[in-house]
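Report on one structure; see the data block that follows.
By convention in this document, chain letters (A, B, ...) are assigned in the order of the sequence lines, proteins followed by strands, and residues within each chain are numbered from 1.
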Amino acid sequence: MKKKIRSHEFYLLLIFILFSLFVGLLNPAFFSFGNLFKILKSSVEMGLLAICFMLVLILGGIDMSFPAIAVASMYMTVSFLNALGLDLPLIVPFLIAGGIGAVFGSINGILIGILELPTLIITLGTMSLIHGGLVVFVGKSWISTLPKALVEFSKANIIQWTSSGGEIQGLHASVLILVGIAILVGIILKYTWFGRSVFAIGGNLEVAKRHGIPVAKIRFLVFVFVGALGGIAGLLHGTLVRMANPFDIIGTELNVIAAVVLGGVSLSGGSGTIQGTILGVLLINIVNNSLILIGMPSYWQKFFIGAIVILSTLFTANRGKMVRVNIFRKGIKEI
Amino acid sequence: MKRKSIQVALLRQLDPSFKRLLFITFIIFSIMAFLRPSSFLTSRNMVSMAFQFPEMGILALAISIAFISGGMDLSLVGISNLSGILGGYLMLGLINEQTGTIGIFFAIAVSILASLCVGVLCGVLNGVLISRLNISPILATLGTMQLYTGIALILTKGSALIGFPQDFSFLGQGSVGLIPVPLIIFLITAFGLHHLLSRTYMGHSCYYIGTNQKAAKFAGIPIARTLLKTYMVSGMLAALAGIIMMSRVNSAKADFGSSYTMQSILVAVLGGVSPLGGKGKVAGVIIAVLALQFLSSGFGMLRMSQYAKEFVWGFLLVALVAMNILWDGRKSR
């Protein structure tokens with residue numbers, strides 16, 4: 001089983017490299033640092049949302065509410081800070097957004113984790129509830145004046161230079177947030193009792209219960225964590241586009257799902273890795289970016305992403321069969 | 001006396017979750033009627049509501065049959081738009097300024113048939129991916145959704161298709177006597193699907209497969225063939241919804257109704273169709289889509305935004321599911 005998952009990432013990496021080489025041959029501008037850093041920057045938000053979706057998927061359910069949680073946390077944080085009007089350090093807005101997200105996540109956690117209601121239906125409900133509530137009770141107009149700390153952060157590059165065309169290019173600091181959170185989640189999933197329990201619950205709920213794993217507690221905590229992460233991702237989105245729009249992010253969920261699935265996380269729960277998810281996100285962003293570089297009209301994007309999702313899942317589904325046959329053959333030889 | 005006892009027996013036979021849904025729909029209707037009697041209880045409002053809900057209703061029916069078989073069809077809106085656009089191109093190609101009345105009717109009929117065929121073909125691709133190539137339904141239709149929308153975008157280059165003949169708008173805007181044509185189409189579709197699900201071998205196979213695929217396989221039910229047919233029906237219904245939509249707004253575009261996917265899932269689930277498979281009836285979906293329509297028309301009259309509707313809708317969904325599972329689950333335990 002472990003071998004199979006590992007090989008999925010290997011193949012994904014192979015596709016990733018081949019595709020990059022192909023695009024690089026057609027247009028050498030693809031391999032410039034400016035472009036690579038641009039792809040990284042545009043992957044940050046999707047990457048964080050993909051980690052949210054991946055965690056719930058490993059736990060054994062499909063979460064539809066994460067875009068609503070992200071946009072609600074972002075909008076509420078920005079309007080609260082604007083009303084407060086203080087000049088706060090950068091960490092405060094992110095803490096507030098994470099906190100608001102965690103509160104929303106705990107609603108999911110209570111309904112799904114503790115009351116054991118079906119994940120897909122409940123998160124569809126909380127999606128409408130949270131987004132509808134945001135627009136009705138908080139506000140529906142764009143906010144284009146962000147708090148000072150966020151505006152400064154949106155310009156914060158780690159490395160920065162001016163290209164020959166006079167454009168400022170660089171590696172944006174938000175990439176560090178994604179890398180940090182990805183490493184943190186990866187370590188938790190792989191090396192802690194908590195992370196292994198998440199896999200156990202997704203693999204087989206009944207068996208996990210009989211092994212004495214506190215299923216309700218762990219599911220509740222995962223939803224709270226996913227909510228907090230969604231809140232941070234939402235605020236990052238608002239920061240990068242320098243505007244708080246209550247209608248953003250909603251509707252990107254299917255792209256995020258496509259990325260996670262491309263990364264080899266099993267839809268039936270219990271398996272998946274952070275490396276695969278990040279590779280999936282990068283691959284989707286590279287496809288989007290490179291189609292523009294090759295000079296393909298933008299309306300081809302959807303077609304290509306659809307074809308990639310179908311082909312890769314086709315490959316995965318049938319490679320599973322091939323692996324099974326190989327194991328079978330090996331077994332016969334050993335006998 | 002006897003008749004009354006039969007009625008009581010019928011009421012007892014009804015699923016408790018269906019009773020709760022009926023009750024909620026009735027409550028929504030009465031609240032709206034109470035708050036705005038002069039505008040909500042008019043025949044004009046009834047007629048305008050009857051024009052609005054059939055599209056969503058047909059899409060919800062299309063996703064319901066996929067749900068019942070234990071699957072999912074996220075590509076419905078993509079199929080609607082793609083089949084509408086291809087049919088629209090055919091219609092525009094067949095008609096020029098010299099075409100007579102009979103020619104126009106012929107062109108409309110041919111292009112509607114072509115649209116339905118495109119819907120069925122899209123369904124065949126979904127069905128083959130799911131039943132023969134063993135891709136999980138969510139993934140397969142997630143991919144084909146992008147694919148179909150992508151093809152539609154490539155064909156139209158993102159712009160809208162316009163200039164359909166006047167007679168074509170009859171399907172989406174006309175009425176026979178007082179009864180709107182979309183409503184008639186919806187009723188025929190709902191009746192047909194009800195018949196398919198409750199009276200045919202294929203329909204029963206759908207429920208079996210959705211309940212337990214392995215058991216169905218050992219019982220000798222042709223799983224691959226049934227699933228293929230399921231997605232063909234679902235694709236055809238999506239194309240039908242696409243035709244009505246195209247006729248109502250008198251144009252076709254690749255990204256019309258992108259919010260309809262989530263809404264149709266909501267309607268189906270609220271109507272008692274289980275996304276886990278094996279459970280659901282056409283009657284429930286009809287009541288649920290009516291509830292949504294009462295809510296949105298009423299909120300429109302109260303001058304509340306559609307997001308208030310979204311809020312109430314999400315609340316109802318969570319509350320109803322929680323009630324269904326917690327109450328009925330406790331009783332059976």
Side-chain angles (χ1 to χ4, degrees), chain A residues 62 64-65 68 107-108 111 115-137 140 246-247 250-251 253-255 257-258 261-262 266-268 296-318 320-321, chain B residues 72 74-75 78 125 129 133-159 254-255 258-259 261-263 265-266 269-270 274-276 304-322 324-326 329:
Chain A
I62 291 176
M64 290 304 224
S65 65
I107 301 175
N108 280 337
L111 289 167
L115 297 178
E116 299 200 350
L117 301 176
T119 314
L120 177 65
I121 308 178
I122 291 301
T123 51
L124 271 173
T126 47
M127 174 191 77
S128 306
L129 200 65
I130 293 170
H131 189 234
L134 172 75
V135 177
V136 174
F137 299 121
K140 58 184 168 189
F247 303 101
I250 302 279
E253 58 262 31
L254 292 176
N255 274 337
I257 297 175
V261 163
L262 211 58
S266 156
L267 268 180
S268 45
M296 200 87 87
S298 62
Y299 44 77
W300 280 84
Q301 275 183 12
K302 266 200 179 346
F303 178 84
F304 270 99
I305 288 177
I308 286 176
V309 169
I310 292 175
L311 286 179
S312 72
T313 46
L314 203 70
F315 186 63
T316 324
N318 292 315
K321 244 185 230 162
Chain B
M72 167 77 123
L74 292 170
S75 68
L125 179 59
L129 288 175
L133 300 173
N134 298 322
I135 301 181
S136 78
I138 296 188
L139 294 189
T141 54
L142 184 74
T144 52
M145 174 198 74
Q146 310 258 23
L147 199 69
Y148 299 149
T149 314
I151 294 174
L153 272 173
I154 292 167
L155 285 175
T156 58
K157 297 196 170 54
S159 58
D255 51 1
S258 48
S259 65
T261 312
M262 289 301 143
Q263 274 187 44
I265 294 177
L266 277 177
V269 169
L270 197 68
S274 164
L276 305 173
M304 298 214 302
S305 75
Q306 56 152 325
Y307 293 96
K309 183 187 81 185
E310 200 184 325
F311 177 74
V312 173
W313 195 238
F315 177 75
L316 281 181
L317 185 73
V318 171
L320 201 71
V321 169
N324 284 347
I325 291 182
L326 295 179

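In terms of heavy-atom pairs under 4.5 Å with chain A, the best-connected choice from B:L317, B:V318, B:I154, B:L153 is B:I154. Most heavy-atom pairs under 4.5 Å with chain B, from the set A:I121, A:I62, A:I305: that is A:I121. Put simply, of B:W313, B:F315, B:F311, the one with the most heavy-atom pairs under 4.5 Å next to chain A is B:F311.
Checking each of B:T141, B:L129, B:L133 against A:I310 for a side chain to side chain contact (heavy atoms under 4.5 Å, CB included) leaves exactly one that passes, namely B:L129.
The contact between B:S136 and chain A is made entirely by side chain atoms (from C-beta outward), counting heavy-atom distances below 4.5 Å. Both the backbone and the side chain of B:K157 come within less than 4.5 Å of a heavy atom of chain A. Proximity to chain B (any heavy atom under 4.5 Å) is restricted, for A:L120, to the side chain, taken from C-beta onward.
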Pairs under 3.5 angstrom only: tabulate donor-acceptor contacts from the side chains of residues 127-137 of chain A to other protein residues two or more places apart or in another chain.
unit_1	atom_1	unit_2	atom_2	d
A:S128	OG	A:L124	O	3.4
A:H131	ND1	B:E310	OE2	3.4
A:H131	NE2	A:P246	O	2.9

